[in-house]
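In what follows, chains carry the letters A, B, and so on, assigned in the order in which the sequence lines appear, proteins first and then strands, with residues in each chain numbered from 1. The structure presented is a predicted model; accordingly, all values stated were derived computationally and were not measured.
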Amino acid sequence: MSKLVNSIREAIQLAGLKDGMTVSFHHHLRNGDFVLNMVMEEVANLGIKDITVNASSLFDTHLPLQGHIANGVVTGICANYISAPLGRAISQGILEKPVQFRTHGGRPSDICTGNTPIDVAFIAAPTSDPMGNCSGKYGKSACGSLGYAYADAMHAKKVVIITDNLVPYPLMDFSIPEIYVDYVVNVDAIGNPKGIVSGTTQITRDPVGLVMAQHAVKVIENSGLLKDGFSFQTGAGGASLAAAKFLKDVMLEKGIQGSFGLGGITGYLVDMLHAGCFKSLMDVQCFDLKAVESLRTNPNHQEISAMQYASPAFKSAVVDSLDVVILGATEIDTDFNVNVHTDSNGYIMGGSGGHSDTAAGAKLSMIIAPMFRARLPIVTDHVNCISTPGKDIDVLVTQGGIAVNPKNVELTKNLKDAGLPIIDIHELKEKTERITGKPKVIAKGDRVVAEVISRNGGILDKIYNVPSF
Amino acid sequence: MEIKKLASAGTMESSDAYVEIEPATGLEITLESVVSQQFGDSIRQVVRDVLTEQGVENAKIRVVDRGALECVIRARVETAIVRGGN
């Protein structure tokens, strides 16, 4: 038998894609991805309409979707993250049906339980053999982990692997096995390596960021969690990376050996693994070349699926064993609800990703953010969109003080005893507004353009259109 | 103060403001701001306050605000006025 087909067009036809169906994509090629656009262009060329795109995330490079929405090819979008250009268009109301935002854990839950069935999954694979055993660790377009694609591969009715590095059967060290795969297409390029993985992201030199990072590490040190067996996740932002760097120094100085680093893996976590801060890394997605290299060569660096990373639908997930996560926010309100979906004017420019999964799972979930950005205070009375509920957020670290969620009585005491600048979140809001002035509340439209679905199912919040002025 | 020539102050960097002032009859203020919904009215008021304080009655002034704090806007407007009046 042969699964090899000559073109994406042929694969779409053989898979039986028809009007009204759902296609899916993963985002491991990030802003370098060619596959989603190539597939959707062929879908449009074939005259197929009314398609729902279920993508783990959508980036700037996927802006052509706007055209497919305008001409009726795409009528539904499910995603865990949508970057600003397409997000802005959605906020202006280009799509009749509200976008469904999920989390990195919630998406595979809904795929596996059948809530969001997928007709055809198109899986970009940096290396594959002709039967569809495939991997992200090898090839010119290597992206490392293929964690977000597992649920799609296992549950879509038809699975198409799209690769630009076809190797003889059998590929060893595969991530997704042939048992799920219907068709394999070999193309010239699945992505632009420059957009797939970044070089090394530098830690911040901004003094405000460094102060926040130092505070963050002091909070971890005094949380009672920093001891042998410690586990940790952080983002790839400048201040988060600075916190990882300072944390590494503290762990080495005190001789603490952690159990695992989780995430979104960057070179900084790889450095911590090499230095002995952790015994292993659990990797759902690689952010840079160093992480890809480490995943390929170090047996203590383990690829995991999004299901195992963060899904509440399974018997356990790695986030359930996580001690500390450092996260960002565009806004946080006095009830500690966090917004990472919309910008200060209400336009969609992000999404939860693993934000609310890790916040729910971690024993200590910490937000690092400056008191204000471009005059807009980080702390508000009510966030414009609840991405992660306040009950799952423990601490907010800013340069103007550390606000602890009042539910954490013991932590508050410990941090105060350690001499850290603890401040009530309402006071922090007033302190910030004395510098910035009090912003007027922005206008919201009356049409729902997106629903934020909590990791456990159920609507957490709704995002409204932004009216034009 | 009389504005005698075109002058500017500030930058387009985030958290700064760029201010341009030129001779005109009467006062004309235009504002572009990334936070116009949240702070537009108060920025216009601050610009008027500084113009009054400096005794400027005739000028065309354009402010491109990138999320500057009030003290920054004041400083940029004041500097543009002094540069335009020399």
Side-chain angles (χ1 to χ4, degrees), chain A residues 84 87-88 91-92 204-209 212 237-239 330-331 333 339 342-349 369-385 398-400 429-445 464-469, chain B residues 7-21 27-54 56 59-84:
Chain A
R88 192 176 179 90
S91 293
Q92 286 163 344
T204 186
R205 287 188 304 178
D206 168 26
V208 170
M212 295 190 303
T330 60
E331 294 177 311
D333 65 28
N339 176 13
T342 57
D343 70 12
S344 49
N345 291 315
Y347 289 106
I348 293 167
M349 50 98 252
M371 293 162 82
F372 57 91
R373 295 186 185 99
R375 202 176 174 176
L376 294 168
I378 192 84
V379 183
T380 64
D381 288 324
H382 300 285
V383 285
N384 284 308
C385 169
T398 72
Q399 75 272 38
K429 177 175 172 283
E430 283 162 28
K431 182 177 174 179
T432 307
E433 286 174 357
R434 281 199 292 276
I435 301 170
T436 61
K438 193 173 169 58
K440 284 188 181 164
V441 177
I442 59 168
K444 266 187 192 180
Y464 291 83
N465 69 307
V466 176
S468 45
F469 293 98
Chain B
S8 68
T11 71
M12 298 280 201
E13 294 290 311
S14 178
S15 305
D16 199 352
Y18 174 77
V19 177
E20 237 175 39
I21 195 162
L27 275 181
E28 186 188 332
I29 301 169
T30 53
L31 171 67
E32 265 174 62
S33 172
V34 291
V35 293
S36 60
Q37 276 205 71
Q38 294 88 347
F39 291 109
D41 293 341
S42 79
I43 295 170
R44 275 187 207 89
Q45 187 56 51
V46 152
V47 173
R48 277 193 293 270
D49 289 351
V50 177
L51 289 168
T52 307
E53 284 161 25
Q54 299 296 320
V56 177
K60 191 167 152 187
I61 184 158
R62 184 167 81 99
V63 179
V64 183
D65 168 53
R66 306 280 291 156
L69 295 176
E70 190 175 300
C71 53
V72 174
I73 294 169
R74 278 186 158 273
R76 295 309 193 194
V77 173
E78 206 175 307
T79 305
I81 290 170
V82 172
R83 285 176 181 165

Exercise for review: Any chance you could measure Lys438(A), atom NZ, to Ser42(B), atom OG, to the nearest 0.5 Å?
Suggested key: 13.0 Å

Exercise for review: Kindly give the heavy-atom pair with the smallest separation between Ala374(A) and Arg66(B), and that separation in Å.
Suggested key: CB-O, 3.8 Å

Point to revise | Residues Asp65(B), Arg375(A); criterion salt bridge (charged side-chain N to carboxylate O under 4.0 Å, His left out); working and verdict | key: CA-CA 10 Å; Asp65(B) 168 53; Arg375(A) 202 176 174 176; 5.5 Å; no

Check your understanding: Val35(B) and side-chain contact (heavy atoms from CB on, under 4.5 Å): which partner among Thr436(A), Leu376(A), Ile442(A)?
Key -> Leu376(A)

Practice item. State whether the number of non-hydrogen atoms from other residues, nucleotides or ligands found under 6.0 Å of Glu53(B) atom CD is greater than 12. Key: yes

